[in-house]
Amino acid sequence: GIGGDLDARTESGDVEVRGTRSNVNVVMQKGDAHVTDVAGNLRITGRGNDIEVSDVKGDVALDGTFLGSTSVSHVGKTTRYTSPRADISISQIYGRLEVDSDDIEITDAAGPARIVSQNKDVKVENLAGKLDITNSHGDVTLELAAPPHDDVNIANDSADVNLTLPAQSGFEIFAVSHSGNVESDFEGPALRTANEDNSGQIAGKFGSPEPKITINTTYGTIHLNKKS
């Protein structure tokens with residue numbers, strides 16, 4: 001283990017840091033970074049290829065242009081990822097965040113989470129807190145193992161939105177696809193699903209409404225699925 005704040009700077013090589021009892025600051029120009037077992041906060045900035053981060057008790061900040069894949073797992077506080085094509089903020093990742101040139105995937109996190117991206121498919125599984133996604137030209141998929149208790153806001157453009165919830169979920173929803181359509185496994189007297197006038201809409205309440213779910217997209221299909 002290393003005590004005291006650790007600063008690492010590289011212009012061409014790789015960076016590997018393991019077992020520090022303090023904050024870590026990494027500045028890169030190229031190469032890969034592997035950082036694990038950090039007791040404080042971690043910050044990685046600059047340009048690089050593959051980034052792998054795990055077991056950080058504090059905050060994680062990744063700010064730069066990372067051309068390969070980025071993997072972040074087991075972060076005690078907030079993870080912030082900022083790049084030219086994505087801006088992501090998530091609280092308490094006890095699973096994993098994966099980012100590459102085509103996809104963003106979040107699995108198992110307390111939340112809340114906020115994702116702003118373009119030209120990427122976004123998939124979120126088992127986020128407990130509030131979720132805000134703004135995306136374009138990539139499908140958005142949200143799958144929850146437990147009924148949602150916090151609001152979900154998804155704004156997409158020119159792509160599909162897939163939302164899968166447990167059958168016992170309660171929610172209030174307003175989902176509209178302009179120049180697209182909607183499909184829903186959920187049916188109820190206070191829930192309306194319609195495809196007309198070149199757009200589709202799911203609106204109303206199901207069960208005992210707790211969170212509000214708001215979905216907007218264009219030229220795509222919104223699928224509201226019931227988890228089997």
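One is the number of the first residue; the rest follow in order along the sequence.
Closest heavy-atom contact between A39 and K57: O-CB, 3.4 Å. Taking each heavy atom of A146 and P166 in turn, the nearest pair found is C-CG, 3.6 Å. Annotation for D50 and D32: closest pair N-OD1, 3.0 Å, computed over non-hydrogen atoms. The shortest heavy-atom contact between S91 and A109 is O-CB, 4.2 Å. The heavy-atom pair separating Q118 from S136 by the smallest distance is CB-OG, 3.4 Å. The nearest pair of heavy atoms linking D14 to G31 is OD1-CA, 3.5 Å.
In summary, of the residues considered (N225, I213, V152, I173), a side chain to side chain contact (heavy atoms under 4.5 Å, CB included) with L165 occurs for I213 alone.
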Quick one, R47 with T65, criterion side-chain contact (heavy atoms from CB on, under 4.5 Å). Give me CA distance, side-chain angles, the key distance, then yes/no. CA-CA 5 Å; R47 298 176 61 87; T65 301; 3.9 Å; yes
Can F174 and Q201 be said to form a side-chain contact (heavy atoms from CB on, under 4.5 Å), step by step? CA-CA 7 Å; F174 181 76; Q201 186 178 106; 3.7 Å; yes
Candidate pair S54 and S73, rule side-chain hydrogen bond (donor to acceptor under 3.5 Å, both in side chains), full reasoning: CA-CA 5 Å; S54 63; S73 60; 4.6 Å; no
Checking L191 against I202 for the side-chain contact (heavy atoms from CB on, under 4.5 Å) test, could you report, in this order, the C-alpha distance in whole Å, the side-chain angles of both residues, the deciding distance, and whether it holds? CA-CA 7 Å; L191 190 64; I202 306 170; 4.0 Å; yes
Taking it one step at a time, do L97 and I104 satisfy side-chain contact (heavy atoms from CB on, under 4.5 Å)? CA-CA 7 Å; L97 164 67; I104 296 170; 4.2 Å; yes
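At least one donor-acceptor pair closer than 3.5 Å links the side chain of D185 to the backbone N or O of K226. Between the side chain of D139 and the backbone N or O of D160, at least one donor-acceptor pair lies under 3.5 Å. With hydrogens and angles ignored, the 3.5 Å screen pairs no side-chain donor or acceptor of D87 with any backbone N or O of T82. When atom types are taken as modelled, the side chain of D55 and the backbone of H74 share no donor-acceptor pair closer than 3.5 angstrom. Put simply, the side chain of N156 gets close to the backbone of G138: a donor and an acceptor are under 3.5 Å apart. In this structure a side-chain-to-backbone donor-acceptor pair under 3.5 Å is present from N41 to D59. N153 places no side-chain N or O within 3.5 Å of a backbone atom of D132 that could act as its donor or acceptor partner. Although no hydrogens or angles enter the test, the distance criterion places a donor-acceptor pair under 3.5 Å between the side chain of S177 and the main chain of G220. At least one donor-acceptor pair under 3.5 Å links the side chain of K120 to the backbone N or O of D100. Listed for the N195 side chain is a donor-acceptor partner under 3.5 Å among the backbone atoms of V182.
Here the CG atom belonging to D157 is positioned 5.0 Å from the NE2 atom belonging to H137, to the nearest 0.5 angstrom. Taking CZ of R80 as the reference point, atom CD1 of I90 lies at 11.0 Å (rounded to 0.5 Å). Annotation: the span from L62 atom CG to R43 atom CZ amounts to 9.5 Å, rounded to 0.5 Å. Taking OG1 of T79 as the start and CD of Q92 as the end, the distance is 10.0 Å to the nearest 0.5 Å. To the nearest 0.5 Å, atoms OG1 (T217) and CG (N181) are separated by 11.0 Å. Considering CD of Q29 and OG1 of T10, their distance stands at 8.5 Å, rounded to 0.5 Å.
Using a 30° and 60° split on the angle between ring planes, F206 and F171 fall in the parallel class, below 30°.
Contact annotation: the side chain of I215 never approaches that of V140 to less than 4.5 Å [non-hydrogen atoms, C-beta and beyond]. Side-chain contact between P211 and D150 is absent, with no heavy-atom pair separated by less than 4.5 Å. Between I44 and M28, the closest side-chain pair of non-hydrogen atoms falls below 4.5 Å. Between R18 and D37, the closest side-chain pair of non-hydrogen atoms is not below 4.5 Å. Residues N162 and T164 fail the side-chain proximity criterion, which asks for heavy atoms closer than 4.5 Å. Contact check for I106 versus I115: side-chain heavy atoms found under the 4.5 Å cut-off. Using a 4.5 Å cut-off on side-chain heavy atoms (C-beta onward), N25 and D5 make no contact. Counting heavy atoms from C-beta on, the side chains of E98 and S69 never come closer than 4.5 Å.
Counting non-hydrogen atoms of neighbouring residues, nucleotides and ligands closer than 6.0 angstrom, the CZ atom of R9 reaches no more than 12 such neighbours. Heavy atoms from other residues, nucleotides or ligands lying under 6.0 Å from CD of E11 number 12 at most.
Side chains of S179 and T218: a donor-acceptor N/O pair is absent below 3.5 angstrom, by distance only. In this model, no donor atom of one side chain and acceptor atom of the other lie less than 3.5 Å apart for H34 and E16.
Both V15 and L6 are part of a single hydrophobic cluster, where members link through side-chain heavy atoms under 4.5 Å apart.
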